[in-house]
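Below, read A as the first sequence line, B as the second, and so on, with proteins coming before strands; counting in each chain starts at 1. Since we're looking at a predicted model, the values are computed, not measured.
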Number of protein chains: 2
Amino acid sequence: MASIQDVARLAQVSTATASRALSRPDMVATTTRDRVLHAARQLGYQPNVIARSLRQGETRTIGVIVTDILNPFHAQLAKGIQDAADRHGYTAFLFNSDEDPAKERRAIETLRGHLPQGLIIVPTSGARENLAALSGVPIVELDRVTGTPAVTTVTADNAAGAAAATRHLISLGHTRIGMIVGQQDISTATQRHDAYRSALEDAGLTYDPALVLPGNHREDDGHRAATRLLTLPEGRRPTALFIGNNEMTVGAVLAARALNLSIPTDLSIVGFDDSRWAQTMTPPLTVVAQPTYDLGTQAAEQLIQQLRRPRDGPPLHIQLSTTLIVRHSTSPPRTPALTHH
Amino acid sequence: MASIQDVARLAQVSTATASRALSRPDMVATTTRDRVLHAARQLGYQPNVIARSLRQGETRTIGVIVTDILNPFHAQLAKGIQDAADRHGYTAFLFNSDEDPAKERRAIETLRGHLPQGLIIVPTSGARENLAALSGVPIVELDRVTGTPAVTTVTADNAAGAAAATRHLISLGHTRIGMIVGQQDISTATQRHDAYRSALEDAGLTYDPALVLPGNHREDDGHRAATRLLTLPEGRRPTALFIGNNEMTVGAVLAARALNLSIPTDLSIVGFDDSRWAQTMTPPLTVVAQPTYDLGTQAAEQLIQQLRRPRDGPPLHIQLSTTLIVRHSTSPPRTPALTHH
DNA sequence: CTGAAAGCGCTAACAA
DNA sequence: TTGTTAGCGCTTTCAG
């Protein structure tokens, strides 16, 4: 590959001039600049960013760690980040933690060697310790939050979303509303759970811990939890389910089908996070939609802005709003009378 | 961040020895080695891979370009690649071309500056020229093929898959089988199309160009093409559709629904590429499944093997087999008599 | 077995 | 406006 030396030689200038002609065109005479540019084009010159990074101590690279690239939610976050980073001339290094703190740690270590100028992370439950290894690098926590002081966060308004979902079910007349909630050490899970609980209590309903089951964000977990909830004895069984993330919702819907419960007649369901699957399943799913792509771009924009000029004040906490989209997976509960039809 | 100089100083050795102790432990006395290792750990030393790459001319990095990370098929390819690369100590740089040759070109240029030691690419229609910029770098074409001589390819057996799909529909009694096919300059599209045509002709059916509509791999394209095909006058309208990729299949299913055609009664559908969506839609979709994750890992394994020791003979063309999964979106066509029921 | 020194490709002082 | 030179952090000759 042609180096800047080759370009300099061909243009009959020093490497310094060649370098300047390419990166600070105005510092160089027009005629020489043209000579250099021409030589560069002729040789197909592409700067060696490795050498440049080493010299400048700036890699123009940001690290990105999501927990599951196979989850469309995360794929969309990643795309938002990449598109925005790209617009600003940064390259994003994408890693997967698979929701596993050990993998996350390895990703961080690998990343560290590449000297990323910043990191956008959807943290696992072990992130707080893992992140300690990266001191000095600006961090943006995306979607979830570890509670580490002084880091920027970009999240959706989980509380409002969960409250809207719960109130929607209550307004339809449901009184036994179950919830399948993510890991309790993940902020999104606790926020959604807390809001669900408050909404219930605000409406004068009692919060019943027996109707709340945990899962680890995966489809299986949703399936398992839903099966348990839906096989509760009649009269104790929830007539509606609010499910804390997209993957578990899939599992729950399949569990309901396996039990021959028809949605929404026998069971109302509200999921968190919209997706094509939610839109096209039968019946189309009522969900709390998140501005997923925007979450990604916002995270990147915030990080890059911070790289350009480090903030001194308190860290920014950006929260994007969620919206309840009512489709056809929710309806009033079947009344006992009708059951005996 | 601690550099190797810091380690050397703390261990009271030269940087050369420190370097050796870390990367070639057997070239150094045990006692000094221990001193160095201890110092390194104490400082949290992480080698600067940028500097190392510059020195060695080896970045231990491979480039990956897929056409659409939001498509679960591509997400899975990417994951397979990353997991395999990781196992071999390589870092994968992931880019998106969005099926756009111009974006692909930009991705290749950015990548080039990072000196990837190899590239795995799902090529767009413009890839052949774009790839010229990367001469000298081993390339693996994944899923699709540009026909460039001497590059390794890893693909699914598209012909067998498409033939199986078509024969399945024929064996159910369909005679008017439409196809929605991808861009004609994409190898997978033409292979699937050719196999469909041959299967038809082998069964003594005539290939009707009016029943074959092109699309650009996206959901909309599938929707549009299906709508046109399904609004053909009765008697000309296809009773079955074979659709050339996963995204277009979604569009086609939605188009059928919009036209109030019930699947499979009014219309049989076979899609290419399995997905959770295909498995859980109603009715579950008959598809040609591909070993997606394995395609990814194979591509990475082949590339890395090639990096270790460059092949001299002709390039490898790896083909993984596809399987027809018959679910419930296909059935015999409705007979005219029944139509008047 | 260890150290001194060179150099990967680039850019930023500094001089001219 | 241009050239000379040093040095980013690392590994690898080459001597000792």
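The side chain to side chain contact (heavy atoms under 4.5 Å, CB included) with B:Ile65 is formed by just one residue from the set B:Asn130, B:Thr124, B:Ile108; it is B:Ile108. Put simply, the residue from A:Asp6, A:Leu10, A:Val7 that forms a side chain to side chain contact (heavy atoms under 4.5 Å, CB included) with A:Tyr45 is A:Val7.
For the pair A:Ile50 CD1 and C:dG9 P, the computed distance is 12 Å after rounding to whole Å. With rounding to whole Å, B:Asn48 atom CG is found 6 Å from D:dG9 atom C1'. One atom, CZ of B:Arg20, and another, P of C:dA4, lie 11 Å apart when rounded to the nearest Å. Summarising the geometry, the separation between CG on A:Leu115 and P on D:dG9 is reported as 9 Å, rounded to the nearest angstrom. A:Gln56 places its CD atom 8 Å from the C1' atom of C:dC10, with the value rounded to the nearest Å. If you measure from atom CG of A:Asp6 to atom C1' of C:dG9, you get 11 Å, rounded to the nearest angstrom.
As judged by a 4.0 angstrom heavy-atom cut-off over every strand, A:Val13 is placed among residues touching the sugar-phosphate backbone only.
Residues from residues 24-39 of chain B that place a heavy atom under 4.0 Å from any atom of DNA chain C, listed by number: B:Met27, B:Val28, B:Ala29, B:Thr32.
Taking only side-chain nitrogens and oxygens, B:Gln5 never comes nearer than 4.0 Å to OP1 or OP2 of D:dG9. Contact check, A:Tyr45 against C:dC10: a side-chain N or O comes under 4.0 Å of OP1 or OP2. Put simply, A:Thr17 has no side-chain N or O that comes within less than 4.0 Å of OP1 or OP2 on D:dT2. The phosphate of C:dG9 (OP1 or OP2) has no side-chain N or O of A:Arg55 nearer than 4.0 angstrom.
No side-chain heavy atom of B:Asp68 sits under 4.5 Å from any side-chain heavy atom of B:Phe73. Looking only at side-chain heavy atoms (C-beta outward), A:Ile139 and A:Leu303 stay at 4.5 Å or farther from each other.
Side-chain contact of B:Glu141 with B:Thr152: a donor-acceptor pair under 3.5 Å is absent, judged by distance alone. Inspection of the B:Thr59 and B:His114 side chains reveals no N or O donor paired with an N or O acceptor under 3.5 Å.
Mapping B:Thr15 and A:Gln46 onto DNA chain C by nearest heavy atom places B:Thr15 at the nucleotide closer to the 5' end.
Residue A:Arg309 places its CZ atom among 12 or fewer non-hydrogen atoms of other residues, nucleotides or ligands, all under 6.0 Å distant.
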